[in-house]
Amino acid sequence: MPAELNLGRLYDNHAQALYAFLLNLTRNEDDTHDVLQEIFVKLARQPGLLDGVRDERAFLIRLAHNAAIDLMRRRGTREKRQEQFGVEAMTPFAPTDEPDEQSFRTALAEALAKLPPDQRAVVHLKLWEELTFEQIAAALEISPNTAASRYRYGLDKLRERLRPLYEELK
Amino acid sequence: MNPDNFEQRLRRQPLRQVPSAWREEILVAADVNRRNAPVRELTFAATFPVLLWRELIWPCRRIWVGLAPVWVALLVFNVTHSERGQIVTAESKIRPGEMRLAFQEQQRILSEIIGPRSPISPAEPPRRPNNQPRSERRAVALA
């Protein structure tokens, strides 16, 4: 019989990280809400899911990643329509009043959106979750070498796309 | 552009905060589902087909649908081909009398070529092991 699962504690410890990660993947706040709720509903329905899990954060990120990928596949058509009609995607970065900083964040969000989802996931976990490649590999069920190469490719693309703005703001 | 500076610059970008109202919404939804969840523990046999469907079939459903006509075509081909094979086998059966005559003819030709068979000599019985001590055996041989 699994121990009583404290969902409130899990939410307080991990929801912020999952929210930012999911928002970076989906670029849609409603989708992010749906996936986050789906994860907690799943945990509530299957309390034994976390039994024997050593790294809760990595496990929850894996759940979030799989759910987000499924959602993006299901809603592929809708995303194309959004792109077609120029529906503004939600940026994962906090807004700021400082114009230069805001333009950099907007450009960074756009550059991230152009990365393939697998590279975007690794870049996010490395830069903003500060996970090691081993932790990222465990969370995304890939090898550490794959995680490292995805990070390198992703970062190179970001650097290339943000170079003019970065040089200007430096 | 120094890569370390660039990475540091990216790391410093603050992420959007999760809306505070979500906590209650999500935890209430989870709690409702927990209460409505079936108490019975599902066995592996019960969950396996669902797992198979969710993990293997559903994500690649277009591929599976694309492969289905190929499988049906292979099945039809296999069924029709195996029926024809049975017919051919049935037609090619030789009557037992003809086979016996052919065998006797073959035996006759063989005996003409290699001569009549020598009678089979009975096999020698196995030698019984000599359990005598080696010193006694030498004495017997010298006598």
Side-chain angles (χ1 to χ4, degrees), chain A residues 1 5 7-8 10-12 15-24 29 32-33 36-48 66 69-70 73-74 90-96 101 104-105 108-109 111-112 123-124 126-130 155-156 158-160 162-163 166-167 169-170, chain B residues 1-70:
Chain A
M1 183 77 184
L5 193 64
L7 285 176
L10 279 177
Y11 188 93
D12 293 337
Q16 174 56 43
L18 296 175
Y19 169 78
F21 179 62
L22 287 169
L23 195 58
N24 202 350
E29 199 162 38
T32 299
H33 181 278
L36 198 58
Q37 183 165 305
E38 188 184 318
I39 292 166
F40 280 88
V41 166
K42 194 172 187 175
L43 289 169
R45 291 175 74 95
Q46 302 173 48
N66 291 343
I69 295 291
D70 280 352
R73 279 187 192 140
R74 286 201 300 272
M90 181 98 171
T91 161
F93 302 107
T96 173
E101 207 49 48
F104 185 77
R105 286 179 198 177
L108 174 58
L112 275 168
V123 166
H124 180 97
K126 183 71 183 157
L127 286 178
W128 292 290
E129 285 302 315
E130 300 186 355
L155 198 67
D156 285 348
L158 291 181
R159 190 179 289 123
E160 194 60 37
L162 295 171
R163 186 191 298 273
Y166 181 77
E167 295 292 343
L169 295 178
K170 200 162 61 171
Chain B
M1 193 189 316
N2 186 342
D4 292 335
N5 288 344
F6 181 69
E7 278 186 61
Q8 289 307 317
R9 176 81 195 259
L10 297 188
R11 268 186 225 279
R12 281 201 302 272
Q13 302 307 314
L15 296 167
R16 208 180 273 273
Q17 293 295 302
V18 59
S20 53
W22 285 19
R23 189 182 190 278
E24 198 181 341
E25 283 173 34
I26 288 173
L27 291 180
V28 166
D31 196 43
V32 167
N33 272 277
R34 174 163 39 192
R35 274 186 263 129
N36 294 341
V39 178
R40 176 174 67 91
E41 290 272 332
L42 289 174
T43 59
F44 177 74
T47 54
F48 184 70
V50 178
L51 193 72
L52 198 71
W53 173 261
R54 202 176 53 204
E55 300 294 331
L56 187 68
I57 309 289
W58 185 249
C60 316
R61 54 194 178 279
R62 286 179 189 154
I63 296 170
W64 288 109
V65 168
L67 282 173
V70 179

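First the proteins, then the strands, lettered A, B, ... as listed; each starts at 1.
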Requested in this report: Against chain B, label A/F40 side chain, backbone, both or neither, depending on which of its atoms sit under 4.5 Å from a heavy atom there.
Outcome: both
Report task. Measure across B/W64 and B/L56 and return the closest heavy-atom pair with its distance rounded to 0.1 Å. Result -> NE1-O, 3.0 Å
Requested in this report: Tell me, out of A/N66, A/D12, A/I39, A/T96, who's got the most heavy-atom pairs with chain B below 4.5 Å.
Outcome: A/D12
Requested in this report: Could you tell me which portion of A/L18 (side chain, backbone, both or neither) has an atom closer than 4.5 angstrom to a non-hydrogen atom of chain B?
Outcome: neither
Report summary line: Whatever's closer than 4.5 Å to a heavy atom in chain B on A/T91 counts as both
**Report entry** Contact origin within B/L27 toward chain A - heavy atom pairs under 4.5 Å
**Finding:** side chain
Query raised in the report: Of the backbone (N, CA, C, O) and the side chain (C-beta and beyond), which part of A/L23 lies under 4.5 Å from a heavy atom of chain B, both, or neither?
Result: side chain
**Report entry** For A/P92 against A/A20, the heavy-atom pair lying closest together
**Finding:** CB-O, 4.4 Å
Query raised in the report: What distance do A/R45 atom CZ and A/L43 atom CG have between them, rounded to the nearest 0.5 Å?
Result: 12.0 Å
Report task. Could you walk me through whether B/L15 and A/Y19 pass the side chain to side chain contact (heavy atoms under 4.5 Å, CB included) test, one step at a time? Result -> CA-CA 10 Å; B/L15 296 167; A/Y19 169 78; over 6 Å; no
Report summary line: Nearest heavy-atom approach of A/R105 to A/A94 is NH1-O, 2.8 Å
Report summary line: Max heavy-atom pairs within cutoff under 4.5 Å with chain B, candidates A/K42, A/K126, A/E29, goes to A/E29
Query raised in the report: Between B/R11 and B/E7, is the closest basic N to carboxylate O distance under 4.0 Å?
Result: yes
